[in-house]
Amino acid sequence: MTKSRTLYLIDGTAYLYRAFHAIRNLSNSKGLPTNATYGFTMMLLKLIRDKEPDYAAMFFDMKGPTFRHEIYDQYKANRPPMPEEMAVQIPWIKKIVAAMNIPVVEKQGYEADDLIGTYTRIAKAQGFFSVMVTGDKDFMQLVDRDCVIWDPMKDKTMDVDSIRNDLGIEPIQVIDMLGLAGDTSDNIPGVPGVGPKTALKLISEYGNIQEIYDNLDNLKSKKAMHKKLLDNREQAFLSRRLVTIERSVEVSHDLGEFKMEKPDNEALAELFKNLEFRKLQQEYFEALPVPEKDYRCLTKIDDIKKVLDELKIPFAIDTETTSQHPMLAELVGISFSCQPHRAFYIPLAHVRPDLDELLLNSSDVSSDLLESQPDIGEVLAMLKPILEDPLIPKVGQNIKYDYIVLAKYGIEMQGMVFDTMIASYLLNPSLRGHGLDQIAMDLLGHKTIKYEDVTGKGKKQILFSQVDIETAVPYACEDADITLQAHGILKKRIEKEGLLNLMETIEMPLVPVLAKMEMQGIKVDVAKLHDLSKSFQQEMDKIEKEIFAVAGETFNINSSQQLGNILFEKLKLPVQKKTKKKTGYSTDIDVLTKLAEQHELPALILRFRSLGKLKSTYTDALQQLVHPSTFRIHTSFNQTITATGRLSSSDPNLQNIPIRNEEGKSIRETFIPEKGWKLLAADYSQIELRILAHCAEDKILIEAFTNDEDIHTRTAAEVFHALPGFITDELRRQAKAINFGIVYGMGAFKLAKELSISRKMAQTYIDNYFARYSGVRSYIDDTIAQAREKGEVQTLLGRRRRLDDINASNANVRGFAERMAINTPIQGSAADFIKLAMINMDKALREESMKSRMLLSVHDEILFEVPENEIDALTALAKKEMEGVFDLKVPLKVNIDCGDNWAEAH
DNA sequence: CGTCGGTCGTAC
DNA sequence: GACGTACGACCGACGT
């Protein structure tokens, strides 16, 4: 290659199309298609990395007719309009090109080809070597000793020699070849019946079209060909003209404009972030200069006082502790940040990591460490008025955790105005996690120090209190710093997305309410749990023996794989269904229940399984989780897990404690109140169907709820065309299944299975349902239509969930999204209501100075612990607050029961 | 020895 | 393939 300056001329339009068609179904979480943008970007990056061009320019076609349309009105007339998915990506592609500092050339009336053709001519005149970056064969006509084609996607170069070799003609002859052959994609006719092969042959023989026609009579070919050429003479010359790239468009001759500058890495990083090109984003953020960080460790009371006095608002706070569970955690240090890249850490309770070392060394080592930390009591006393001031706003990442930890040290934090974890969740509740590390990467492109990096993991893991202060400082400061920075970005997004009201009126006020419930915990009868475990174990031992006797061998009953082999291979019982991932035979409840008709083993297995479930998941696990000092169970309510807005509960999950059968009830009985107190459960009755009635404005549903009818009986009457008085328990049960199914978007198949009826019959029921509940029918249709349009659904209080698959071409995938579209507004609105009710109840209990306290929330139920003398007052209060939480077109109804254990209260 | 996907079962 | 939302126990394959 020549050493002279090289100009890269990039055929932007061609790459836009190629990238769009080469990559399928790529989009970011906001539903923006990004396939073309991605392919285009990769092409550009390859060009920049492989060729390191000094001069480059990008060319695009411009909308509107060109001179080719003037001479041939059918030019490109067969082209379908640009797909919407491609059009929306063009602004992004242009932004990327701009951020890469590549000049763009467009000119009305000309295509990219003509501009590139013109510039190769200018470049040659100015002593430049040209590389046309394209995959389009039309450009071969421009190739000469100073101009080649390079296709980054195939990494293939075409020069004069390769064209001669490949085609057997000179580059300039490509014009004549294409003129004869035409081009279907551009609707250039050429000579019908003459394809590329024939055209090549003719051109290599005669040189050009003119020569062919001049020598038509001497043509050494068939008569048919002769006629084709003769009949389409005009068309051949017209086509030749159409495929000829114009090389004298009026443009600036100053190639200095194309001198490459450094890309704007910051802008690129921001673009890649929005497009969610994770790997590229990371690369470009890493290329940015790292801002100077100011992370300090404060140990002197005077210094701490000074910094606290200057603390600007809002500030981010983060606590470091000895445990992931706030109820078991001891405070080790606290970090604050009120300016980006600046944070400070106050170590409070770091200890020597290794006791042996402490003993070996002289005792003043440990006193060094003590001296290097301020007195925890003194620091907390200084912090208390700030943290408890509701007018001093605080932000945090999972700030409920910090609230609980601090509460144990006598600080009841107030003014918690923003939680970055919750904000991230509200912006996209479908996301897997909302950890600070993910938020830092997504929003700031920053890779955080991992907790494990500091404490180690597995067997080698140490407590945070055992981490060196020097090691702790950057970690702890970073958490506060990142939280504050993320707050800045997330706050704007929350506002922009219209989620601020939800954040301020529901999610943030809920934080201290949940925290107090977690701290309160619930009492369990440990002795009874222990007895239950024991009796379950005894029965399991017995059944295990029977199972092994019947099976004729011992095996692991808990292994569905081994069980499947026994049932279906050894005993040759009929296979009911396979497991989803082809791993083997299904042995679930339905299968075993069916098999129980013909063999004694399945029933034994079912019993064994049921007992094992209760023991391992509940009676054993709950005992483990009794707090060593409160003797109560403190679950974690997670506010940022579910896609619909519900809370979830873990460690232990108190939202799936059994209730349906006798043994299940016995587990609920172990949840008890304090002596002299009762448990009081307040349940929303049919809250989801009431929300459906409201949203669908369905006449029958509204009437039924307004009259406080039994909704399942009413549905039975409607669906089975009977008077309510004639509805049997069985019919009511079936109607109940239908009502549930509606909320979940159930199909006939599942209903048929549920009710053990034919699919046809199930379909009839569903048809009957929608015929009667016509409001529900149109609500479902409207909701799906709206979801299609907006790509998301929302609850009554404005909680949103994106449904990217709602327009999927795969009917299965789309069906799934459609059912989510139906269920999410209903389930999510119910979640909104119970959250709001909890906030209101908490406030009311305080205002009424009642001792009663909220313990748990289980989706449509709130469980209270109430002193006996407050039962009536609490019953009235809960009914009032919960039923009045939101004004619907139907009344909300709350059922309340009270008892000496959770089973009785229900 | 830890991680992770699969299967199963509990709740609303 | 066919009913939404969770948590978690257990198994077994796989990687360190």
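Numbered from 1 within each chain, the chains take letters A, B, ... in sequence-line order.
The side chain of A:S586 lies closest to B:dC8 when the candidates are B:dA11, B:dC8, B:dG2. Candidate nucleotides C:dA13, B:dG9, C:dA9 were compared by shortest atom distance to the side chain of A:S616, and C:dA9 ranks first. If you check C:dG4, C:dG8, C:dA2 against the side chain of A:F749, the one that comes closest is C:dA2. Comparing B:dA11, B:dT10, C:dC7 against the side chain of A:R668 picks out B:dA11 as the nearest. Checked against B:dC12, B:dC8, C:dC7, the side chain of A:D588 finds its nearest nucleotide in B:dC8. Comparing B:dT7, B:dT10, B:dG2 by their closest approach to the side chain of A:K459 singles out B:dG2. With B:dT10, B:dC8, C:dC3 as the candidates, the nucleotide lying closest to the side chain of A:M746 is C:dC3. Comparing C:dC3, C:dG8, C:dC11 by their closest approach to the side chain of A:N558 singles out C:dC11. The A:R660 side chain lies nearest to B:dA11 when the options are C:dC7, B:dA11, C:dG4. Taking the side chain of A:Q562 as heavy atoms from C-beta on, and the options C:dG12, C:dC3, B:dG9, the nearest nucleotide is C:dG12.
Of the two residues contacting DNA chain C, namely A:L751 and A:P429, the nearest-nucleotide position lying further toward the 5' end is that of A:L751. Nearest-nucleotide mapping onto DNA chain C: of A:A621 and A:H859, the residue sitting toward the 5' end is A:H859.
At the heavy-atom level, A:I659 lies under 4.0 Å from the strands shown only through sugar-phosphate atoms. Across all strands, A:A811 comes closer than 4.0 Å to no nucleic acid atom at all (heavy-atom distances). As judged by a 4.0 angstrom heavy-atom cut-off over every strand, A:V858 is placed among residues touching the sugar-phosphate backbone only. Here A:I822 lies out of heavy-atom contact (under 4.0 Å) with every strand. Looking at heavy-atom distances under 4.0 Å, A:T587 makes contact with sugar-phosphate atoms alone, never a base. No engagement by A:L654 is indicated, since no non-hydrogen atom pair under 4.0 Å with the nucleic acid exists. Counting non-hydrogen atoms under 4.0 angstrom, A:F816 reaches the backbone sugars and phosphates but no base.
The phosphate of C:dA6 has neither OP1 nor OP2 within less than 4.0 Å of any side-chain N or O from A:S650. Taking only side-chain nitrogens and oxygens, A:N638 never comes nearer than 4.0 Å to OP1 or OP2 of C:dA6. Considering only side-chain N and O atoms, A:T579 lies under 4.0 angstrom from the phosphate OP1 or OP2 of B:dT7. Look at A:R801 and you'll find a side-chain N or O under 4.0 angstrom from OP1 or OP2 of C:dT5. Between A:R609 and B:dG9 there is a side-chain N or O to OP1 or OP2 distance below 4.0 Å. One finds a side-chain N or O of A:R819 lying less than 4.0 angstrom from the OP1 or OP2 phosphate oxygen of C:dG4. Residue A:T617 places none of its side-chain N or O atoms closer than 4.0 Å to OP1 or OP2 of C:dA9.
One finds the CD1 atom of A:I672 at 9.5 Å from the CG atom of A:D900 (value rounded to the nearest 0.5 Å).
Salt-bridge annotation for A:R799 and A:E792: absent, with no side-chain N of the basic residue lying under 4.0 Å from a carboxylate O of the acidic one. Between A:K753 and A:D590 there is a salt bridge, since a side-chain N of the basic residue sits under 4.0 Å from a carboxylate O of the acidic one. Salt-bridge check for A:E904 with A:R668: failed, with every basic side-chain N at 4.0 Å or more from each acidic carboxylate O. Between A:E452 and A:K457, no side-chain nitrogen of the basic residue sits less than 4.0 Å from a carboxylate oxygen of the acidic one, so the salt-bridge criterion is not met. Between A:E663 and A:R607 a salt bridge is recorded (basic side-chain N to carboxylate O distance below 4.0 Å). Between A:R646 and A:E688, at least one side-chain nitrogen of the basic residue sits less than 4.0 Å from a carboxylate oxygen of the acidic one, meeting the salt-bridge criterion.
Residue A:Q827 places a side-chain atom within donor-acceptor reach of the base of C:dG4, judged by atom type and a 3.5 Å distance cut-off alone. Donor-acceptor pairing under 3.5 Å, judged by distance alone, is absent between the side chain of A:Q655 and the base of C:dC7.
In summary, of the residues considered (A:K400, A:H434, A:M503), a side-chain contact (heavy atoms from CB on, under 4.5 Å) with A:I422 occurs for A:M503 alone.
If you measure from atom CG of A:L803 to atom P of C:dG4, you get 12 Å, rounded to the nearest angstrom. In this entry the distance linking CD1 of A:I667 with P of B:dA11 reads 9 Å, nearest Å. For the pair A:K578 NZ and B:dT7 P, the interatomic distance rounds to 12 Å; values are reported in whole Å. Rounded to a whole Å, the NZ atom of A:K835 is 15 Å from the C1' atom of B:dC12. At whole-Å resolution of the value, CG in A:N656 and P in B:dC12 are 9 Å apart. Atom-to-atom, CG of A:L614 to P of C:dC7 comes out at 20 Å; the value is rounded to the nearest Å. When rounded to the nearest whole Å, the span between CZ of A:R646 and P of C:dC7 equals 11 Å. One atom, CD of A:Q461, and another, P of B:dT3, lie 10 Å apart when rounded to the nearest Å.
In this structure, A:F740 and A:Y744 have tilted ring planes: the angle between them lies in the 30° to 60° band. A:F886 and A:F833 have parallel rings, their planes meeting at less than 30° on a 0 to 90° scale where 60° marks the start of perpendicular.
Spacing of P atoms, B:dG6 relative to C:dG1, comes out at 14 Å, to the nearest Å.
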How would DNA chain B look in dot-bracket form, 5' to 3', counting Watson-Crick and G-U wobble pairs with both distances under 3.5 Å and writing | for bases paired to another strand? ||||||||||||
